[in-house]
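Here's the structure we're looking at; comments come further down.
Since we're looking at a predicted model, the values are computed, not measured. In this chain, numbering begins with 1 at the start of the sequence shown.
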Amino acid sequence: MNTRWKKRPALSTWGDFGPDDQLGRLNLLTAAKVLEGIAEVREGQTFCLSLPLDLPGGTAMNPRRPPPQLNATRRGENANMTYPLSRDDARLSDVICDDSVTLALQYSTQWDSLAHMGQWFDVNDNGEQEMVFYNGYKAGVDIVGETDYRGGCGCDSGTHLGAKALGIENMAQHGIQGRAVMIDIKRHFGIRRFAFGYQHLMQIIEADNIDIRPGDLVCFRTGMDEAIIEMNGEPDMAYLNSHFAGLDGSDPALRQWVHDSGVVALLADNPAVEILPAKPLNNDFYPSHPLHDLCLFRLGVYLGELWLMSPLADWLALQQRTAFLLTAPPLRLPGAVGSPTTPVATV
């Protein structure tokens, strides 16, 4: 029996996988789906789908996410980098290198967990909206940040506990490997900026004869990854913001397709998967990120952002293929709401 909610949002899977489910559509990524992905491997060739994790560079793309900072660990007062152990014992020949990183977990190629974005919603059907996340997990109780009130976690204001539910570690423990398909927006529409909706998606699916199945991971190539790499750590935001497609999270037909298709994740080479700012879903009270609302909050569909799609997409097009095996684990970091990933496509 569910004790967190009495009413679930429209177009949601809340409760479909059990009252305490924290995986969402990841439940559909089964052993059979892994075998489907393996069946797409013909050449044994692999593609790294991660940007270098110091890209896009700087903080112009997101001022809240600084680039990673590498530092040596310490050995007493000394940096533990090219450190000769003979300094401590003349008989030892080893030279040691050991480092650490300070990293915004969603700076570069990344996964969003289901704890990344919630909504105000009347889960108890009593006319009172609450801050909740997928399957009714609550802010201040299950996902705890430095809030300005004492929440149900029993902790004081200023305490950051992170995601006690829906954290990225659930995704990592389950494993991310299965059948994936490529939607090559750049090849069909170029690099102009526009809201990519259901009709555009159907046009590509028909033209490329793409077979999308429940439990699949769906990749979108816009070409922004190539531009980011060419900018070499100095992103030209005026150019990036005036080019490249993003999914239209406000398109009712596209939202219905995401719901009906049974896909597990939407992955793109841009910084949000969806186009922003988005068209409001209504004139009253609406999400700033309607695709995040649909996927993370309602359906339990995962989002991957700033992936390196173009080399793989070009290869698939030359081979007249669209499907491949995708392996993309996040860090198994308890409590985190997002994670860098180094995905590998095997064709």
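- Considering only heavy atoms from C-beta on, Gln106 comes within 4.5 Å of His116 through its side chain.
- Remark: Asp142 does not engage Arg4 in a salt bridge, criterion side-chain N to carboxylate O under 4.0 Å.
- For Lys6, the NZ atom counts as loosely surrounded, since its 6.0 Å shell holds 12 or fewer non-hydrogen atoms of other residues, nucleotides or ligands.
- A donor-acceptor pair shorter than 3.5 Å cannot be found between the side chains of Arg193 and Ser242.
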| message | Go through it in stages, so that I can follow the logic: the residues are Tyr134 and Leu23, the test is side-chain contact (heavy atoms from CB on, under 4.5 Å), and I'd like the CA-CA distance, side-chain angles, deciding distance and then a yes or no. | response | CA-CA 9 Å; Tyr134 177 76; Leu23 294 178; over 6 Å; no
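- Between Trp14 and Phe133, the distance from one ring center to the other does not fall under 6.0 angstrom.
- Counting only distance, with no hydrogens or angles, the side chain of Arg332 and the backbone of Gln173 share no donor-acceptor pair below 3.5 Å.
- For Arg42 (side chain) and Val347 (main-chain N/O), no donor-acceptor pair under 3.5 Å exists by modelled atom type.
- Asp21 contributes no side-chain N or O that, together with a main-chain N or O of Gly18, makes up a donor-acceptor pair within less than 3.5 Å.
- The main-chain N or O of Gly127 is found under 3.5 Å from a side-chain atom of Asp122 such that the two form a donor-acceptor pair.
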| Stepwise salt bridge (charged side-chain N to carboxylate O under 4.0 Å, His left out) test for Asp314 and Lys186 | CA-CA 10 Å; Asp314 288 340; Lys186 178 186 175 183; over 6 Å; no
| request: Go through the steps to decide whether Glu226 and Ile191 satisfy the test side-chain contact (heavy atoms from CB on, under 4.5 Å), and finish with yes or no. | output: CA-CA 11 Å; Glu226 297 170 303; Ile191 62 170; 5.9 Å; no
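- Counting heavy atoms of neighbouring residues, nucleotides and ligands inside a 6.0 Å radius, atom CG of Asn232 does not exceed 12 of them.
- Between Tyr239 atom OH and Met224 atom CE the span is 9.5 Å, to the nearest 0.5 Å.
- Between Trp111 and Trp307, the two ring planes are perpendicular [angle over 60°; tilted spans 30° to 60°].
- Under the side chain to side chain contact (heavy atoms under 4.5 Å, CB included) rule, Met309 has a single partner from Asp225, Asp184, Leu316, which is Asp225.
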| task | For Phe324 and Leu326, run side-chain contact (heavy atoms from CB on, under 4.5 Å): C-alpha distance rounded to whole Å, both residues' side-chain angles, the deciding distance at 0.1 Å, then the answer. | result | CA-CA 6 Å; Phe324 53 96; Leu326 177 62; 4.0 Å; yes
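- Ring pair His292/His289 is perpendicular by interplanar angle, where above 60° counts as perpendicular and below 30° as parallel.
- Atom-to-atom distance recorded for Met182:CE and Ser310:OG is 8.0 Å, nearest 0.5 angstrom.
- Ion pairing between a basic and an acidic side chain is recognised when a charged N comes within 4.0 Å of a carboxylate O; Asp269 and Arg221 show no such pairing.
- Distance check: Ile210 CD1 to Ile204 CD1 gives 7.0 Å after rounding to the nearest 0.5 Å.
- No side-chain donor from either of Asp98 and Tyr83 sits under 3.5 Å from a side-chain acceptor of the other.
- Within a 6.0 Å radius of CZ in Phe194, other residues, nucleotides and ligands contribute more than 12 heavy atoms.
- At a threshold of 4.5 Å between non-hydrogen side-chain atoms, the residues Pro290 and Glu274 count as touching.
- Between the side chain of Lys279 and the backbone N or O of Asp251 there is no donor-acceptor pair closer than 3.5 Å.
- Formation of a donor-acceptor pair under 3.5 Å by the Thr109 side chain with backbone atoms of Leu306 is found in this model.
- Across all their heavy atoms, Cys295 and Leu266 have their closest contact at SG-CD1, 3.8 Å.
- For Asp248 and His200, the side-chain atoms include no donor-acceptor pair closer than 3.5 Å.
- No hydrogens or angles considered: nothing links the side chains of Asn135 and Gln22 as a donor-acceptor pair under 3.5 Å.
- Between the side chains of Glu130 and Asn124, at least one donor N or O sits under 3.5 Å from an acceptor N or O.
- Distance check: Asn27 CG to Asp16 CG gives 10.0 Å after rounding to the nearest 0.5 Å.
- Checked by atom type and distance alone, the side chain of Asp94 never pairs as donor or acceptor with a backbone atom of Ile96 at under 3.5 Å.
- Under the 4.5 Å side-chain criterion, counting only non-hydrogen atoms from C-beta, Cys48 is in contact with Thr342.
- Heavy atoms only, all atoms of each residue included: Leu166 and Ala163 are closest at C-CB, 4.4 Å.
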| side-chain contact (heavy atoms from CB on, under 4.5 Å) assessment of Asp211 paired with Arg179 | CA-CA 11 Å; Asp211 176 21; Arg179 183 178 185 269; 4.0 Å; yes
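- Within the 4.5 Å cutoff, no side-chain heavy atoms of Leu308 are placed close to those of Ser50.
- Here the straight-line distance linking atom CG of Leu114 with atom OH of Tyr302 works out to 4.0 Å at 0.5 Å rounding.
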